[in-house]
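Structure, as structure tokens:
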Amino acid sequence: MTTRPIRIAPSILSADFSRLGDEIVALDAAGADYFHVDIMDGHFVPNISFGPMVMQSIRKLTIKPFDVHLMIAPVDPYITAFAKAGADSITVHAEAGPHLQRSLQAIKAEGKRTGVAINPATPLAAVENILDDIDLLLVMSINPGFGGQAFIPHAMEKIRQANALIGNRPIELEVDGGVSADNARELATAGINVFVAGTAILGGNDATTYAPRIAAIRQAANSRSA
Ligand code: DX5
Ligand code: ZN
């Protein structure tokens, strides 16, 4: 089994949106590896966040990768807009439409890294046939739509199975929802290398806490057992 490098990806959904630019700059300085950008349409998920124009406006504030999580359906009509707005990877939900492989081809055609997310109720079988088309697999450990929800315990076993399914393929394994320094070690041991965290990093929106919180998740993840 390959050991993928640990990446901490703050979810800017938990940012203070009245100071969004400052939050990006603070997270960058605090050691974020990726920026996790949550896009919600009020249709695929019961919440609305922001779109490509907002994303484009914050893109210039950091050179770190934007890990864009599209919780929208249909998704294909918007892939180009998010690519142009500066996404580095674009993750679509397996549940978002009937032609997942077509969506992945569209992301590839934009020259971006491809990701697929699966909701808690979606079996891993949904991605078995497209493993050669993805750079990233996102296992949702909450039902998407909101930050601050509790980690769904069953996700841990699904992550172990996802890790085995990936095998030696060059695919990052990402978790999103209820992630903190308290479960990062177990998640890393199960195979996670990309840790999305909203509340655990940005809760309270005090920039002086960001670096120690990112470091705590990273340290817990790096203490994974082989
Ligand atoms: C929710 C989003 C998450 C969210 C995670 O649908 O996909 O990225 O921000 O928030 P926490 O870390 O608070 O569970
Ligand atoms: Zn997300």
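Counting convention: from 1, in listed order, for ligands and their atoms alike.
For the pair Ser89 (side chain) and Thr114 (backbone), a donor-acceptor distance under 3.5 Å is absent. In terms of modelled atom types and a separation under 3.5 Å, the side chain of Lys112 and the main chain of Ile79 share no donor-acceptor contact.
Here the straight-line distance linking atom CD1 of Ile201 with atom CD1 of Ile214 works out to 4.5 Å at 0.5 Å rounding. The CZ atom of Arg4 sits 8.0 Å away from atom CD1 of Ile192, with the distance rounded to the nearest 0.5 Å. Rounded to the nearest 0.5 angstrom, Phe82 CZ and Met55 CE are separated by 7.0 Å.
At a 4.0 Å heavy-atom cut-off, ligand 1 does not touch Val45 at all. Counting heavy atoms closer than 4.0 Å to ligand 1, residue Thr199 contributes atoms from both its backbone and its side chain.
Considering backbone and side-chain atoms alike, Gly178 places an N or O below 3.5 Å from some N or O of ligand 1. For a threshold of 3.5 Å applied to N or O pairs, the pair formed by Met71 and ligand 1 contains no separation below that value.
Restricting Asp176 to its N, O or S atoms, the one at the least distance from the Zn ion (ligand 2) is OD2. The Zn ion (ligand 2) sits nearest to atom OD1 when only the N, O or S atoms of Asp38 are considered. Shortest distance from the Zn ion (ligand 2) to His69 is reached at ND1 (N/O/S atoms only). Minimum-distance N/O/S atom of His36 relative to the Zn ion (ligand 2): NE2.
Applying the 4.0 Å criterion to heavy atoms of His69 picks out, from ligand 1, the atoms 7 (O). Short contacts between ligand 1 and Ile142, defined as distances under 4.0 Å to a heavy atom of the residue, involve ligand atoms 1 (C). Each of the atoms 12 (O) of ligand 1 lies under 4.0 Å from some heavy atom of Ala197. Heavy-atom contacts of Leu13 reach the following atoms of ligand 1: 9 (O) (cutoff under 4.0 Å). Those atoms of ligand 1 with a heavy atom of Val196 less than 4.0 angstrom away are 8 (O). In summary, the atoms of ligand 1 found under 4.0 Å from a heavy atom of Pro144, numbered by their order in the structure, are 6 (O). Using a 4.0 Å cut-off to heavy atoms of Met40, the atoms of ligand 1 that qualify are 1 (C), 6 (O). Distances below 4.0 Å separate heavy atoms of Gly177 from the following atoms of ligand 1: 14 (O).
For Gln101, the CD atom sits in a packed shell: over 12 heavy atoms of surrounding residues, nucleotides or ligands are nearer than 6.0 Å. Atom CD of Gln149 has more than 12 heavy atoms from other residues, nucleotides or ligands within 6.0 Å.
Counting only heavy atoms of the protein, atom 12 (O) of ligand 1 lies nearest to Gly198 N, 2.7 Å. In this structure, the protein non-hydrogen atom closest to atom 2 (C) of ligand 1 is Asp38 OD1, 3.4 Å. Protein heavy atom in closest approach to atom 3 (C) of ligand 1: Asp176 OD1, 2.9 Å. Counting protein heavy atoms only, atom 10 (O) of ligand 1 is closest to Gly147 CA, 3.4 Å. The nearest heavy-atom contact from the protein to atom 9 (O) of ligand 1 is Ser11 OG, 2.7 Å. Scanning the protein heavy atoms around atom 6 (O) of ligand 1, the nearest turns out to be Gly145 N, 2.8 Å. Atom 1 (C) of ligand 1 has as its closest protein heavy atom Phe146 O, 3.6 Å.
Contact check for Leu13 versus Met40: side-chain heavy atoms found under the 4.5 Å cut-off. Proximity of Asn143 to Pro120: side-chain heavy atoms (C-beta onward) are separated by under 4.5 Å at one or more points.
Residues passing the ring pair (Phe, Tyr, Trp, His ring centres under 6.0 Å) test with Tyr78: none are found, sequence neighbours excluded.
In terms of heavy atoms, Val139 sits closest to Ala162 at CG2-CB, 4.3 Å. Heavy-atom minimum distance, Ala96 versus Ala73: O-CB, 3.4 Å.
When each of Lys64, Glu174, Glu172 is paired with Tyr34, the side-chain hydrogen bond (donor to acceptor under 3.5 Å, both in side chains) condition holds for Glu172 and for no other.
For the 3.5 Å distance criterion, the side chains of Asp38 and Ser49 fail to qualify, holding no donor opposite an acceptor.
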